[in-house]
Amino acid sequence: MTALDVQDLTVDFAQRGRVPFRAVDRVSFSLHAGRTLALVGESGSGKSTVVRALSRLVAPTAGEVRLGGARRTRGKEYRRAVQMVFQDPFASLNPAHTVGHHLIRPLLVGGRARRGADAEEKARELLRSVNLTPADDMAHKRPHELSGGQRQRVAIARALAPGPEVLLADEPVSMLDVSIRLEILGLLDRLKDERGLALLYVTHDLATARHFASEVMVMYRGEIVERGPSDEVILAPRHPYTQTLAAAAPSSAAGRERARAARAERLAARAGRDAERREAVVGDGCRFRPRCPYAMDVCTRRPPETEVGPGHRSLCWLRTDTNDSVVGFSA
Amino acid sequence: MTAPTVPTTPRATGRGWLRPALRSRRFAAGLALLAVFVLTAALGPWLVGDPNAFTTDLGQAPSGAHWLGTTQTGQDVLAQLVVSARGTLLIGAASALIATVVSVVVGIGGGFLGGLADEALSLISNVFLVIPGLPLVIVVSAYVKGGGAWSTILVIALTSWAASARVLRAQTLSLRSRDYVLAARVYGEKRWRIVLVEILPNELAIIVSQFIFAVIFAILTQAGLAFLGLADPSHLTWGTMLYFAQNAEALTSGAWWWFIPPGLCIAALGTALSLISFGLDEVLDPRLRVRKVSA
């Protein structure tokens with residue numbers, strides 16, 4: 001079941017005296033109940049802006065967001081249904097309030113509990129559901145008494161409090177100690193299964209994206225350059241950017257062998273390409289062109305989205321070679 | 001042993017801040033000194049005689065009958081000092097309260113709303129900031145002279161809120177884009193609740209310290225105004241005492257018991273409030289608070 005459908009989401013940021021900066025460019029995807037979609041990309045690729053636009057902290061410039069088929073992004077219902085876990089658990093909890101306050105307020109605002117004992121009991125339930133026990137003790141603590149992992153559990157519990165259908169997790173573990181990352185991701189995964197959440201998992205870690213998500217989207221400079229089933233995209237990347245990203249990730253010995261071979265191939269391709277093309281300024285064409293080892297003349301035009309496998313699509317001219325009509329069509 | 005051991009780790013509670021605060025010697029000393037003044041102001045006037053009653057003892061030095069001597073017209077200095085404490089504290093607290101409320105509304109309101117409202121409120125506070133304070137106070141109080149204590153209170157409040165408002169605006173600008181404020185927006189918290197419940201408590205330390213310094217400023221300004229003869233002389237304060245002492249040439253005639261007590265009281269009250277403010281700085285930050293509890 002499609003929980004959230006996003007069509008051509010575009011976010012521009014105004015810049016003083018210059019053309020607006022396009023942080024997110026015509027991004028479309030849908031989130032399904034009980035499934036995880038991973039959004040990967042480097043810093044500044046627009047991942048967080050997508051999340052912020054969906055949680056309505058940033059107003060999108062264009063595009064359509066449909067929640068359960070209805071086109072309503074204003075009002076209480078959307079607020080309740082779409083919740084977000086922030087990246088930094090040290091910044092996302094109010095130092096002035098107890099853990100209990102952080103859970104009771106969203107329960108009351110969303111009308112999911114009555115003031116008093118009812119809200120307190122529901123808050124304890126939430127704490128137990130994210131494995132923060134003893135719940136009674138935890139509810140009275142303040143954020144600075146908790147560890148990073150505990151804080152992120154509180155943040156997750158807060159996001160669950162309104163009873164959402166869609167959970168947006170903006171790099172939920174990148175600020176945490178390596179030893180507890182897997183625990184938190186496992187918790188998110190379990191909650192997704194238990195509550196039938198549609199989870200958008202934003203990360204730059206390909207390994208966890210592959211492990212926890214059924215589908216992966218790769219974002220570069222505001223565009224989705226490759227998408228598909230997670231194993232396909234990460235083990236057999238078809239877009240040069242995804243290939244570079246996969247090669248940069250630390251991996252097993254076999255993976256390292258493969259990465260070394262791929263790297264040799266890329267370096268050969270890069271050497272074979274003249275310097276002036278490498279310097280080319282991005283205009284309308286492929287945004288990855290200046291860094292791409294395989295950049296060609298045709299890359300000055302926007303590449304079409306091409307099916308490169310079952311459900312696996314890539315935004316690159318390289319993959320259209322077998323299909324000349326596509327090249328001619330989108331000129 | 002199967003009995004579960006009860007964890008004995010201390011837990012910071014909202015009300016438990018006074019005890020660790022009292023461990024700060026500065027805070028305890030300031031609070032004790034302030035308590036003396038407040039008690040004197042509250043109860044003292046019933047214990048001493050009429051401060052305006054004339055006696056035949058004119059300009060006498062401290063003695064058993066008049067512990068702090070008498071004025072040139074034979075009034076008891078101690079009675080005046082005690083009654084003045086009430087007037088001074090009232091003016092100080094009231095004008096600081098008004099100034100703080102205005103600065104909170106203007107500063108936090110502008111910082112949170114942003115846009116045109118912020119521009120307008122910033123402009124107003126900038127205007128009040130560049131107006132030289134004391135001359136304006138003198139002009140306004142000369143104009144409304146005879147309005148009693150309230151005109152003094154309003155005039156002092158009017159000239160002392162702007163700097164605090166700017167500090168609070170800057171702090172609010174920083175706080176309103178914090179993740180925990182954004183999180184409150186995501187779950188649909190109302191705007192006034194975000195301001196009052198999510199942002200305001202994190203500025204409490206600043207507001208309290210600004211309030212305390214506003215009290216000091218108000219008392220000093222009031223003393224200055226009264227000394228210059230710009231306050232209502234029928235409303236007894238330490239400032240008006242100094243004014244009368246100056247007019248009666250107590251300084252040149254060596255009547256030290258007339259002008260030293262009110263001057264000393266003003267200085268001591270300022271010291272007490274400063275000590276409290278420094279002590280509270282350590283206490284109002286919840287992080288510092290717990291370090292104190294577990295210490």
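In what follows, every chain begins at residue 1, and chains take the letters A, B, ... in the order their sequences are listed. Values in this document were obtained by computation on a predicted structure and should not be read as measured data. Only this structure's heavy atoms are used, side chains among them; waters, hydrogens and symmetry mates stay out.
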Point to revise | Leu182(B) side, atom CG; Arg52(A) side, atom CZ - distance, nearest 0.5 Å | key: 5.5 Å

Check your understanding: Which atom names give the shortest non-hydrogen contact between Asp179(B) and Ala91(A), and what distance separates them?
Key -> CB-O, 3.5 Å

Practice item. Determine the minimum heavy-atom distance between Gln83(A) and Val186(B), stating which atoms define it. Key: NE2-O, 3.3 Å

**Study point:** Heavy-atom contact with chain B under 4.5 Å, split by part of Arg80(A)
**Key:** neither

Review point. What part of Val85(A) gets closer than 4.5 Å to chain B, counting heavy atoms only: side chain, backbone, both or neither?
Key: neither

**Study point:** Approximate separation, where rounding is to 0.5 Å, of His102(A) NE2 and Tyr187(B) OH
**Key:** 7.0 Å

**Study point:** Residue pair Ala183(B) / Ser92(A): nearest heavy atoms and the distance that separates them
**Key:** CB-O, 4.5 Å

Practice item. Taking Arg178(B) for its side chain and Leu93(A) for its backbone only, find out whether a donor-acceptor pair lies under 3.5 Å. Key: no

Check your understanding: Would you say the side chain of Val109(A) lies within less than 4.5 Å of the side chain of Arg193(B), judging by non-hydrogen atoms?
Key -> no

Exercise for review: Measure the shortest side-chain to side-chain distance between His97(A) and Glu198(B) over non-hydrogen atoms and say whether it is less than 4.5 angstrom.
Suggested key: yes

Check your understanding: Considering residues, nucleotides and ligands other than Arg190(A), do more than 12 of their heavy atoms fall under 6.0 Å from its CZ?
Key -> yes

Exercise for review: Please name the pair of heavy atoms, one in Val197(B) and one in His101(A), separated by the smallest distance, quoted to 0.1 Å.
Suggested key: CG1-CE1, 3.5 Å

Check your understanding: Where does Pro162(A) contact chain B at under 4.5 Å (heavy atoms): side chain, backbone, both or neither?
Key -> side chain

Exercise for review: Report the residue from Lys76(A), Arg158(A), Arg105(A) that forms a salt bridge (Lys or Arg N to Asp or Glu O under 4.0 Å) with Glu189(B).
Suggested key: Arg105(A)

